[in-house]
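Start at 1 and go down the list; that is how both ligands and their atoms are numbered. The structure displayed is predicted, hence computed values, not measured ones.
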Amino acid sequence: MRIFSGIQPTGKKHLGNYIGAISQYVDLQDQGDPSIFCVVDLHSISVAYDPKEQRERVYDTAAILLAAGLDPERCIFFRQSDVPEHTELTWLLSSITSHGDLNRMTQFKEKSAKQRERVASALFFYPVLMAADILAYRTTLVPVGDDQRQHIELARQVATNFNQRYGETFVVPDWRIPEVGARIMDLKNPESKMSTTSENPAGTVYVLDEPKAIEKKFKSATTDSGSEVVRAPDKPGISNLVEILAFVTGSTMDQVEADFAGQQYGAFKGAVAEAVIEYLRPVQEKYAEIRPDEAALEAVLGAGAAKAQAIAGPIVAEARDKMGLGPTVG
Ligand code: AMP
Ligand code: TRP
């Protein structure tokens, strides 16, 4: 099994990223042959960004992943732009990716509608770059949160089309979406997923938030009418908190409901806050140790890039050759 996933260096990482993606990476790092994790800095330039801060954001994200427990001795961990095979393969794959399929991507529609500045064509091409990330390693399994399902479907389609047209080259990847925590919702607006770009900053808990801020956000979380701590379709706020508490305490959602039967919302929200603070504490402590040493972070990413390129290089060369590009091989 070959595992690959990517995470953007934009903004700060939030609890949804942590539960839905980062914790899966840590759990899966020994299970891949190998497991490969990538800070996708090329994806993040598809929306407005500050070039002066870009490297810093990569270090922030890399340090969070390492603090979470990713071990560069046990997996490959690198920065996307260090391995040019990703961009080359993007172009090759774009020739068999239909414009219509890209037009159907809901993330493109959402992100382009939200944007006030011009919409870059990179945003439209984003899913092709993501397909290239995955296919360049003949990945079999892609751990992600629920919002990436459609992009992985596209990558599967692109691999299938390529293999039909040019002969067996790429592996058609499967996704791995966790049963608990695949879609953590905004605390203020529990009908929307938690994200860095939400309207109300109090709805998003960041991995690096101070304990006091975390407590405040959970205590002011939108709850629903009624008074029972149970999941229900008309109780998205409480359902979300039940899911978060089950995840961070390693319990089940049924158990959480049983534990809080008969208790008030206020006590429940306080308990969720406390559990999340304790869950994030060791990550925050580790982050504070790791983040200042940028030279060490560069060394980790550089060594990872060399290992990644050793895998992607021959695969992309094979795709290029099958497409009739470059000199005759062999
Ligand atoms: P991004 O920060 O956009 O690169 O996302 C990194 C990972 O976090 C992806 O695998 C997403 O599917 C996952 N993710 C993003 N938001 C959430 C959320 N609210 N709940 C669970 N997973 C999420
Ligand atoms: N698009 C993904 C996200 O926003 C990040 C990503 C880029 C990714 N390339 C990938 C995820 C390859 C999995 C595999 O979350």
Q: For ligand 2, find out whether one of its N or O atoms is nearer than 3.5 Å to an N or O atom of Asp133.
A: yes
Q.
Under the rule for ring-ring contact (aromatic ring centres under 6.0 Å, His included), what residues qualify as partners of His151, not counting sequence neighbours?
A. Tyr126
(Q) How long is the straight-line distance from OG1 of Thr97 back to CG of Leu154, given to the nearest 0.5 Å? (A) 6.0 Å
Q | Ligand-side contact atoms (ligand 2) for residue partner Gln8, heavy atom cut-off under 4.0 Å | A | 4 (O)
Q.
Pairs of nitrogen or oxygen atoms closer than 3.5 Å, one from Gln148 and one from ligand 2: do any exist?
A. yes
(Q) Starting from atom 10 (C) of ligand 2, what is the nearest protein heavy atom, named by residue and atom, and what distance separates them? (A) Met130 CG, 3.5 Å
Q) Is the shortest side-chain N to carboxylate O distance from Arg2 to Asp33 below 4.0 Å? A) no
Q: Give the residue and atom name of whichever protein heavy atom lies nearest to atom 5 (C) of ligand 2, and the separation in Å to one decimal.
A: Gly6 O, 3.5 Å
Q) Under the side-chain contact (heavy atoms from CB on, under 4.5 Å) criterion, do Leu129 and Asp133 qualify, and how do the steps go? A) CA-CA 6 Å; Leu129 177 58; Asp133 294 341; 4.0 Å; yes
Q.
Which residue is it: Val256, Asp254, Asn240? I am looking for the one with a side-chain contact (heavy atoms from CB on, under 4.5 Å) to Arg231.
A. Asp254
Q: Just jot down the ligand 2 atoms closer than 4.0 angstrom to any heavy atom of Ser5, in number order.
A: 11 (C), 13 (C), 14 (C)
Name the atoms and distances for all side-chain donor-acceptor pairs under 3.5 Å in residues 310-319, with sequence neighbours left out.
unit_1, atom_1, unit_2, atom_2, d
Glu318, OE1, Arg138, NH2, 2.9
Glu318, OE2, Arg138, NH2, 3.4
Glu318, OE2, Lys322, NZ, 2.8

Q.
Heavy-atom pairs closer than 4.0 Å: do any link ligand 2 to the side chain of Asp147, the backbone, both, or neither?
A. neither
Q: Considering the heavy atoms of Val144, write down every atom of ligand 2 situated less than 4.0 Å from one of them.
A: 11 (C), 13 (C)
(Q) Please output the residues near ligand 1 using a strict heavy-atom distance under 4.0 Å, listed in chain and residue-number order. (A) Ile7, Gln8, Lys13, His14, Gly16, Asn17, Gly20, Ala21, Val144, Gly145, Asp147, Gln148, Gly181, Ala182, Arg183, Ile184, Lys193, Met194
Q. So with a 6.0 Å cut-off around CD of Glu274, is the heavy-atom count from everything else above 12?
A. no
Q | Selection residues 196-213 - residue pairs positive for salt bridge (charged side-chain N to carboxylate O under 4.0 Å, His left out), sequence neighbours left out | A | Asp209-Lys217
Q: Look only at interatomic distance and state if Tyr126 has a nitrogen or oxygen under 3.5 Å from any nitrogen or oxygen of ligand 2.
A: yes
(Q) Quick one, Thr249 with Ser251, criterion side-chain hydrogen bond (donor to acceptor under 3.5 Å, both in side chains). Give me CA distance, side-chain angles, the key distance, then yes/no. (A) CA-CA 5 Å; Thr249 55; Ser251 177; 4.6 Å; no
Q) Are any of the side-chain nitrogens in Arg156 or Asp174 under 4.0 Å away from the carboxylate oxygens of its partner? A) yes
Q: List every atom of ligand 2 that sits less than 4.0 Å from any heavy atom of Val142, numbering the atoms from 1 in the order shown and giving each element.
A: 13 (C), 14 (C)
Q: Would you mind checking if Glu215 and Lys269 are paired as a salt bridge, meaning a charged N to carboxylate O distance below 4.0 Å?
A: no
Q) With atoms numbered from 1 as shown, which atoms in ligand 2 lie under 4.0 angstrom from a non-hydrogen atom of Val40? A) 7 (C), 9 (N)
